[in-house]
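Quick notes on the structure that follows.
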Amino acid sequence: PQLLHRSRSRLPCPKAAMAEVKASMERRFRDLVKSLDRGTLDSSFTQPIYLHYTGEAGYKSLVEEVENGDGSLTLRAGKSSGYVYIAPAYMVMSPDAAVKVLFMGEAQYAGKGDYVFVFFMDESLGDPTPISSHYKDKHGNPRKDLNELKLEGDQIIPQGHIMYKGQNYFTNDPFAGA
């Protein structure tokens with residue numbers, strides 16, 4: 001995965017300053033990126049990594065729960081769907097790409113990729129399934145690389161299993177060049 005520091009400032013940064021910021025981000029997230037590239041926390045491939053994308057309000061609510069509880073995180077199932085949606089480690093993507101891919105670019109989901117929880121589990125949560133049959137590769141075939149896990153009911157992430165929580169700094173876009 002690729003990372004980019006998203007400055008809150010609207011002023012352009014000099015190239016040298018941006019290069020230093022990028023280098024700093026790469027050092028800070030080196031181990032996380034290595035694990036994401038591998039797809040598991042451990043080199044034995046027994047603890048899979050997952051991502052949960054959310055917007056600012058969802059992020060704040062979830063962080064408050066972690067900080068005021070026992071350190072575990074409960075991803076709440078949607079009220080209407082009854083499901084929690086989680087992406088496998090290879091579905092690392094930028095905020096805009098997350099909305100485009102996971103929410104089919106629907107305007108009401110704008111900002112839902114701005115924050116991300118990266119976590120590992122002690123065992124697989126299941127097999128990822130295609131997000132949509134509407135996504136096609138350059139030959140017109142359904143894309144088999146755009147997947148998610150659709151899990152019934154609330155999902156509890158145990159204490160100590162959150163690898164990263166915060167703003168989504170990834171720059172990957174599965175549609176770039178497609």
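No experiment lies behind these values; they were computed from the predicted model shown.
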Q.
If you compare all heavy atoms of T74 against all heavy atoms of L62, which two are closest, and at what distance to 0.1 Å?
A. O-CD2, 3.5 Å
Q) Which atoms form the tightest heavy-atom contact between V84 and D154, and what is the distance? A) CG2-CA, 4.4 Å
What about [X] and [Y], same hydrophobic cluster or not, with Ile/Leu/Val/Met/Phe/Trp/Tyr joined at side-chain heavy-atom distances under 4.5 Å?
X	Y	value
V101	Y169	yes
L75	L151	yes
Y90	I131	yes
Y83	I86	no
F119	Y59	yes

Q) Which residues pass the ring-ring contact (aromatic ring centres under 6.0 Å, His included) test with Y109, sequence neighbours left out? A) F103
(Q) With a 4.0 Å cut-off on N to O distance, would you call K60 and E64 a salt bridge? (A) no
Q: Please determine if R76 and E65 form a salt bridge, counting it only when a charged side-chain N lies under 4.0 Å from a carboxylate O.
A: yes
Q) Sub-3.5 Å donor-acceptor pair from the side chain of Y50 to the main-chain atoms of L149, do we have one? A) no
Q | Donor-acceptor pair, side chain of N168 and main chain of M93, under 3.5 angstrom | A | yes
Separation of [Y] [atom2] from [X] [atom1] (nearest 0.5 Å):
X	Y	atom1	atom2	result
M121	Q47	CE	CD	10.5 Å
E56	Q167	CD	CD	8.5 Å
Y164	L51	OH	CG	11.5 Å

Check: residues 155-163 side-chain donor-acceptor pairs under 3.5 Å, at least two apart:
| from | atom 1 | to | atom 2 | distance (Å) |
| --- | --- | --- | --- | --- |
| Q155 | NE2 | E152 | O | 3.1 |
| Q155 | NE2 | G153 | O | 3.3 |
| H161 | ND1 | Q159 | O | 3.3 |
| H161 | NE2 | D122 | OD1 | 3.3 |
| H161 | NE2 | D122 | OD2 | 3.4 |

Q: Using the six-membered ring wherever Trp is involved, compare the ring planes of H52 and F117 and label them parallel, tilted or perpendicular (cut-offs 30° and 60°).
A: tilted
(Q) Looking only at side-chain N and O atoms, does Y53 offer a donor or acceptor that is under 3.5 Å from a partner on D114? (A) no
Q) If you measure only the distance, is there a donor-acceptor pair under 3.5 Å linking the side chains of S72 and D70? A) yes
Q: Return yes when atom CG of N141 has more than 12 non-hydrogen atoms of other residues, nucleotides or ligands closer than 6.0 Å, and no otherwise.
A: yes
